[in-house]
Undergrad: 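One structure is given below, represented as structure tokens, and several questions about it will come after.
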Amino acid sequence: MIRLGYPCQNLVIPASTSHTLRLAGVSDKARVYPIVEKNLANLETILRWNAQRGIEVFRIGSSLVPFASHPLFPYDWAVEHAPRFQRLQALIRDLGHRLSMHPGQYVNPASPNPQVVEASLAELRYSARVLSLLDAKEGVLILHLGGAYGHKDATVRRFVEVLRGEQEILRFLALENDERTWTVEEVVVPAGALGVPVLVDAFHHRLNPGRLTLPAALALALPTWSGRPKIHISSQAAAKSAGAHADYIAPEDWRTLAEALNGRDADVMVEAKEKDRALFGLRRLIRHEEAQGSNCPPRASELSSGAFR
DNA sequence: GTACGTCAAGGATAG
DNA sequence: CTATCCTTGACGTAC
């Protein structure tokens with residue numbers, strides 16, 4: 001079965017989990033606290049909305065607790081928002097949702113700059129802490145390898161060295177290929193050393209395949225997941241630089257991935273600018289092709305159980 | 001009330 | 001060396 005998810009924002013209902021503030025104001029708890037409460041309340045709203053529509057996979061935006069990893073953050077957010085997190089934890093358990101977080105390009109554990117390493121670890125610990133507090137089953141903390149610093153072997157060694165022993169991070173961590181520096185084949189190395197799974201981004205792979213076809217990349221990556229594998233899909237925005245995300249998923253990109261998956265289970269994150277609306281678009285496409293009987297027909301067992309949803 | 005300039009952070013690359 | 005791109009909304013000041 002394929003489950004679809006979407007990242008960070010719901011564009012249909014007015015519930016944002018990304019309210020933030022300027023760094024200049026962060027030491028004022030009276031300002032920060034209500035923003036975090038609002039984000040957490042909106043997360044609950046979004047998850048309930050998702051559940052009503054059969055969406056069980058969602059990525060939480062990094063500014064759920066804005067500046068949580070910054071030294072100036074004024075209080076122990078994990079303790080002081082514990083009631084909210086407990087509510088969410090119960091809800092997520094009841095709904096059976098799978099949640100993820102995906103820190104941005106500033107997180108570079110292999111950086112030669114110790115301050116960047118420390119800030120990166122702080123951000124990763126924060127993200128893992130959120131997933132822990134939500135008791136996220138099969139939660140995933142997705143990370144790119146980051147900069148190559150001109151010497152990939154040494155960079156991979158530093159990356160592994162820095163993260164080895166970070167138990168809470170490693171509990172959720174998955175490593176993702178990117179569109180210009182690290183291929184799936186290269187990501188497999190540190191992932192194996194750390195004992196974490198490899199997340200294939202099909203769009204990044206198309207732009208930066210290295211020596212592997214998509215089926216070969218999946219053959220390497222899917223077995224690294226003990227449960228359901230996660231995969232990212234997106235399409236090229238027309239008339240923009242290579243790698244820019246399109247509003248929706250192009251049918252051809254879905255077909256390529258579906259063919260490569262060849263009936264295997266996966267949770268597919270729809271990385272499109274139109275977020276949840278793009279998810280519904282892809283869902284319609286899948287149902288349409290399912291009804292038509294494509295060149296990659298679903299198995300009979302999947303059809304009977306409402307496989308694609 | 002709206003418009004729009006600006007915002008923590010890194011790295012790669014084009015110019 | 002500098003600007004720009006990834007992506008990115010949302011804040012907050014100026015009007």
Undergrad: Rounded to whole angstrom units, what separation is found between the OH atom of A:Tyr126 and the P atom of B:dA9?
TA: 17 Å
Undergrad: Please report the distance, rounded to the nearest Å, between CD1 in A:Ile46 and P in C:dG9.
TA: 14 Å
Undergrad: Would you mind listing every salt bridge (Lys or Arg N to Asp or Glu O under 4.0 Å) that reaches into residues 89-113 of chain A, with sequence neighbours excluded?
TA: A:Arg98-A:Asp267
Undergrad: So, A:Tyr106 and B:dA9: ring centres less than 5.5 Å apart, planes less than 30° off, yes or no?
TA: yes
Undergrad: Could you list all the salt bridge (Lys or Arg N to Asp or Glu O under 4.0 Å) pairs where at least one residue sits in residues 143-156 of chain A, not counting sequence neighbours?
TA: A:Lys152-A:Glu186
Undergrad: Using atom names, set out every protein N or O paired with an N or O of nucleotides 11-15 of chain C below 3.5 Å, distance rounded to 0.1 Å.
TA:
| unit_1 | atom_1 | unit_2 | atom_2 | d |
| --- | --- | --- | --- | --- |
| C:dC11 | OP1 | A:His19 | ND1 | 2.8 |
| C:dC11 | O2 | A:Arg22 | NH2 | 2.6 |
| C:dG12 | OP1 | A:Arg22 | N | 3.3 |
| C:dG12 | OP1 | A:Arg31 | NH2 | 2.8 |
| C:dG12 | OP2 | A:Arg31 | NH2 | 3.3 |

Undergrad: Tell me whether A:Lys275 forms a cation-pi arrangement with A:Tyr6, defined as NZ or CZ under 6.0 Å from the six-membered ring centre and within 45 degrees of its axis.
TA: no
Undergrad: Taking atom P in both C:dT13 and B:dA8, what distance in whole Å separates the two?
TA: 12 Å
Undergrad: To the nearest Å, how far apart are A:His232 NE2 and C:dT7 P?
TA: 13 Å
Undergrad: Starting at CG of A:Leu124 and ending at C1' of B:dG10, how long is that distance when rounded to a whole Å?
TA: 14 Å
Undergrad: Any chance the rings of A:Trp77 and A:Tyr33 have centres within less than 6.0 Å?
TA: no
Undergrad: Roughly, in whole Å, what's the span from CG in A:Leu72 to C1' in B:dA8?
TA: 10 Å
Undergrad: Taking only heavy atoms on the protein side, list every residue of residues 109-120 of chain A lying under 4.0 Å from any atom of DNA chain B, sorted numerically.
TA: A:Ser111, A:Val116
Undergrad: Whole angstroms only, please: what is the CD-C1' distance between A:Gln105 and B:dA12?
TA: 12 Å
Undergrad: Using both pair distances under 3.5 Å as the test, note the stems of at least 3 consecutive Watson-Crick or G-U pairs that include DNA chain B.
TA: B:1-7 with C:9-15, B:10-15 with C:1-6
Undergrad: Please go through A:Met269's hydrophobic cluster and name the other residues, only I, L, V, M, F, W, Y counting, with side-chain heavy atoms under 4.5 Å joining them.
TA: A:Val57
Undergrad: Would you please name every residue forming a ring pair (Phe, Tyr, Trp, His ring centres under 6.0 Å) with A:Tyr248, sequence neighbours left out?
TA: none
Undergrad: Could you check how far CZ of A:Arg59 sits from C1' of C:dG9, rounded to whole Å?
TA: 15 Å
Undergrad: Hey, what else clusters with A:Val140 if you join Ile, Leu, Val, Met, Phe, Trp, Tyr whenever side-chain heavy atoms sit under 4.5 Å?
TA: A:Ile142, A:Leu199, A:Trp225
Undergrad: Can you tell me which residue pairs pass the salt bridge (Lys or Arg N to Asp or Glu O under 4.0 Å) test with a partner in residues 40-49 of chain A, sequence neighbours excluded?
TA: A:Glu44-A:Arg48, A:Glu44-A:Arg87
Undergrad: With sequence neighbours left out, what residues match A:Tyr149 under ring pair (Phe, Tyr, Trp, His ring centres under 6.0 Å)?
TA: none
Undergrad: Students often get this wrong, so: under 4.0 angstrom with heavy atoms, is A:Tyr149 touching a base, only sugar-phosphate, or nothing?
TA: sugar-phosphate
Undergrad: Just checking A:Ser69: base, sugar-phosphate only, or nothing, at a heavy-atom cut-off of under 4.0 Å?
TA: base
Undergrad: Sticking with atom C1', work out how far C:dT8 lies from B:dC4, rounded to a whole angstrom.
TA: 15 Å
Undergrad: Report the distance from atom NE2 of A:His151 to atom P of B:dG11, rounded to the nearest whole Å.
TA: 17 Å
Undergrad: Going by atom types alone, do A:Gln105 and A:His144 pair a side-chain donor with an acceptor below 3.5 Å?
TA: no
Undergrad: In whole Å, what separates the P atom of C:dG9 from that of B:dG11?
TA: 24 Å
Undergrad: Mapping A:Lys273 and A:Glu179 to their closest nucleotides on DNA chain C, which lands nearer the 5' end?
TA: A:Glu179
Undergrad: Residues in ring pair (Phe, Tyr, Trp, His ring centres under 6.0 Å) with A:Phe67, at least two apart?
TA: none
Undergrad: Once ring-ring contact (aromatic ring centres under 6.0 Å, His included) is applied, what residue pairs with a partner in residues 156-187 of chain A remain, sequence neighbours excluded?
TA: none
